[in-house]
Amino acid sequence: MKHLLTILLVFGLTASLRAGEGHDHGHSHAHIEVPATLPEVRAGIAEHRRILAETLGANDAKAAHAATDALAAYARAIPGMVKYLDETARQRIEGMVNNAAKAWSQTAHDADHGDYDKAAREAAKADAAY
């Protein structure tokens with residue numbers, strides 16, 4: 001479990017550092033308040049996926065970025081909420097979360113650069129991973 005936390009922290013720190021290096025597109029990476037229960041997290045993910053689809057359709061990079069930040073934060077909370085599962089199941093969930101978070105990060109990046117078609121494809125990858 002210590003290794004998982006290290007990986008998640010490194011992944012989160014790396015993403016934050018990448019976003020900070022010459023990557024200011026007029027939005028911040030504000031703290032996301034993540035719900036305390038798995039059903040609330042899942043409902044939040046569903047809502048932010050809907051918001052992301054709408055914002056990509058409206059070519060709104062700032063709102064898309066906020067949605068992807070929330071999606072990644074919510075998804076990263078899931079492994080800590082399923083400690084009751086066996087190790088194999090938790091590893092699959094962690095892999096799913098990491099794959100989805102990477103695709104959501106790329107979605108935000110593509111939207112920031114005005115490539116909404118590519119952003120939509122990356123969002124679809126995240127949906128498939130999740």
Checklist entry - Could you walk me through whether Gln91 and Thr88 pass the side-chain hydrogen bond (donor to acceptor under 3.5 Å, both in side chains) check? => result CA-CA 5 Å; Gln91 286 177 349; Thr88 302; 5.2 Å; no
Checklist entry - Where do His113 and Asp110 land on the side chain to side chain contact (heavy atoms under 4.5 Å, CB included) test, with the steps shown first? => result CA-CA 5 Å; His113 292 281; Asp110 294 337; 5.9 Å; no
Checklist entry - Would Arg50 and Glu54 pass as an ion pair if we require N to O under 4.0 Å? => result yes
Next on the checklist: Which heavy atom of Ala67 sits nearest to which heavy atom of Ile51, and what is that distance?
Outcome noted: CB-CG2, 4.1 Å
Checklist entry - Looking at Ala64 and Ala111, what are the two nearest heavy atoms and their distance? => result CB-CB, 4.2 Å
Item to check | Value rounded to 0.5 Å, distance of CG in Asp69 from OG in Ser105 | outcome: 8.5 Å
Checklist entry - At their closest point, which heavy atom of Ala72 faces which heavy atom of Ala101, and how far apart are they? => result CB-CB, 4.4 Å
Checklist entry - Would Ile45 and Ile78 count as a side chain to side chain contact (heavy atoms under 4.5 Å, CB included) if you check the C-alpha gap in whole Å, the side-chain angles of each, and the deciding distance to 0.1 Å? => result CA-CA 11 Å; Ile45 288 173; Ile78 294 172; 3.8 Å; yes
Next on the checklist: Donor-acceptor check, side chain of Thr107 to backbone of Ala123, threshold 3.5 angstrom: yes or no?
Outcome noted: yes
Checklist entry - Taking all atoms of both residues into account, what is the closest heavy-atom pair of Pro35 and Val41, and its distance? => result O-CG2, 3.7 Å
Checklist outcome for this item: Taken to the nearest 0.5 Å, the spacing of Lys83 NZ from Met81 CE works out to 10.0 Å
Item to check | Worked verdict on Glu122 versus Lys118 for salt bridge (Lys or Arg N to Asp or Glu O under 4.0 Å) | outcome: CA-CA 6 Å; Glu122 287 298 323; Lys118 188 173 179 187; over 6 Å; no
Next on the checklist: Suppose the criterion is ring-ring contact (aromatic ring centres under 6.0 Å, His included): which pairs have a residue in residues 75-102, not counting sequence neighbours?
Outcome noted: none
Checklist entry - Does some side-chain heavy atom of Leu52 sit less than 4.5 Å from a side-chain heavy atom of Trp104? => result yes
Item to check | Flag, side chain of Tyr116 to backbone of Leu56, donor-acceptor distance under 3.5 Å | outcome: no
Checklist entry - Within the side chain of His48, is there an N or O that forms a donor-acceptor pair under 3.5 Å with the backbone of Gly44? => result yes
Checklist entry - Which atom pair, heavy atoms only, marks the closest approach of Ala108 to Thr68? => result CB-OG1, 3.3 Å
Item to check | Straight-line distance of Arg49 CZ to Asp127 CG, nearest 0.5 Å | outcome: 4.0 Å
Checklist entry - Is the closest side-chain donor-acceptor distance between Glu94 and Asn98 under 3.5 Å? => result no
Next on the checklist: Would His65 and Asp112 count as a side chain to side chain contact (heavy atoms under 4.5 Å, CB included) here? Give the steps.
Outcome noted: CA-CA 8 Å; His65 209 290; Asp112 287 344; 3.0 Å; yes
